[in-house]
Amino acid sequence: VQLQASGGGLVQPGGSLRLSCAASGGNSMNFALAWFRQAPGKEREFVAAISRLGISTLYAESVKGRFTISRDGVNPVNLEMNSLNLDDTAVYYCAGGSRRAVATEQEYPYWGQGTLVTVSS
């Protein structure tokens with residue numbers, strides 16, 4: 001399964017962005033999907049995850065209430081990001097293949113190439 005994230009860009013503090021992740025080479029409805037991010041000079045961290053049928057979601061405390069992960073008929077997984085702040089600047093990766101919506105990076109065997117989100121005034 002190949003995943004490809006898109007939608008990153010430059011946004012001002014307080015602004016919004018929507019990331020999407022396309023999948024090919026397999027049925028993305030068969031597994032949970034997640035978003036992780038890596039800020040400059042930091043380790044990759046969990047952002048949000050959604051279960052196979054989209055019933056269960058999980059968020060990092062730092063994004064809870066601001067970000068929304070979803071699944072739809074067009075893209076396997078989306079990430080709506082609101083009230084962005086400087087700390088949200090990072091390369092965002094979509095990941096898939098887990099049996100459940102979890103925050104553990106090792107549970108996801110499939111990874112996209114990442115899309116850069118820059119929050120700056």
Side-chain angles (χ1 to χ4, degrees):
V1 176
Q2 291 78 45
L3 301 175
Q4 184 170 352
S6 62
L10 175 64
V11 61
Q12 292 185 340
S16 300
L17 273 179
R18 177 183 171 92
L19 305 183
S20 297
C21 183
S24 61
N27 188 351
S28 60
M29 294 303 296
N30 289 337
F31 45 76
L33 289 148
W35 289 94
F36 290 78
R37 68 184 181 186
Q38 186 167 21
K42 295 185 177 181
E43 295 186 353
R44 190 158 57 187
E45 64 176 3
F46 170 76
V47 176
I50 190 165
S51 62
R52 185 172 66 87
L53 297 180
I55 296 174
S56 299
T57 57
L58 181 67
Y59 293 94
E61 284 298 322
S62 60
V63 307
K64 196 172 292 185
R66 300 187 298 121
F67 290 12
T68 302
I69 190 170
S70 65
R71 305 186 73 137
D72 61 34
V74 178
N75 296 300
V77 64
N78 304 293
L79 186 68
E80 189 76 35
M81 306 185 294
N82 298 312
S83 302
L84 287 162
N85 58 55
L86 300 180
D87 291 337
D88 295 319
T89 294
V91 176
Y92 285 71
Y93 299 88
C94 60
S98 174
R99 295 179 61 186
R100 299 173 296 126
V102 295
T104 309
E105 192 173 311
Q106 290 76 11
E107 293 291 326
Y108 298 92
Y110 311 128
W111 290 79
Q113 86 290 358
T115 185
L116 176 63
V117 172
T118 303
V119 183
S120 175
S121 56

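Classification of the Phe67-Tyr92 ring pair by plane angle, with boundaries at 30° and 60°, yields tilted. Relative ring orientation between Phe36 and Phe46 is described as perpendicular, the plane-to-plane angle rising above 60° on a 0-90° scale split at 30° and 60°.
The two residues Val1 and Phe31 make their nearest non-hydrogen contact at CG1-CZ, 4.1 Å. For the residue pair Ala32 and Ala101, the shortest heavy atom distance occurs at CB-N, 3.8 Å. Minimum interatomic distance between Pro76 and Ala22 (heavy atoms only, all atoms of both residues): CD-CA, 3.9 Å. The shortest non-hydrogen separation linking Pro40 to Thr89 is CD-O, 4.0 Å.
Asp88 places a side-chain heavy atom less than 4.5 Å from the side chain of Arg37. Considering only heavy atoms from C-beta on, Gln4 comes within 4.5 Å of Gln113 through its side chain. Looking at heavy atoms from C-beta onward, Tyr108 lies in side-chain contact with Val102 at the 4.5 angstrom threshold. Between Asn85 and Pro13 there is no side-chain heavy-atom pair separated by less than 4.5 Å.
Checked for salt-bridge contact, Arg66 and Asp87 miss the test: no charged N lies under 4.0 Å from a carboxylate O.
Residue Leu33 holds its CG atom at 11.0 Å from OH of Tyr110, rounded to the nearest 0.5 Å. With values rounded to the nearest 0.5 angstrom, Leu79 atom CG is found 11.0 Å from Thr115 atom OG1. Distance CG/Asn78 to CG/Leu19: 9.0 Å, rounded to 0.5 Å. Atoms CG and OG, from Leu58 and Ser56 in turn, are 9.5 Å apart once rounded to the nearest 0.5 Å.
With Arg71 contributing its side chain and Ser51 its backbone, the two residues share a donor-acceptor pair below 3.5 Å.
Grouping the Ile, Leu, Val, Met, Phe, Trp and Tyr side chains by contacts below 4.5 angstrom, directly or via other members, places Ile50 apart from Trp111. Hydrophobic clustering, with ILVMFWY side chains joined whenever heavy atoms are under 4.5 angstrom apart, keeps Ile69 apart from Tyr93. The cluster map of Ile, Leu, Val, Met, Phe, Trp and Tyr, joined by side-chain heavy atoms under 4.5 Å apart, puts Leu116 and Val11 in different clusters. Hydrophobic clustering, with ILVMFWY side chains joined whenever heavy atoms are under 4.5 angstrom apart, groups Val63 together with Leu86.
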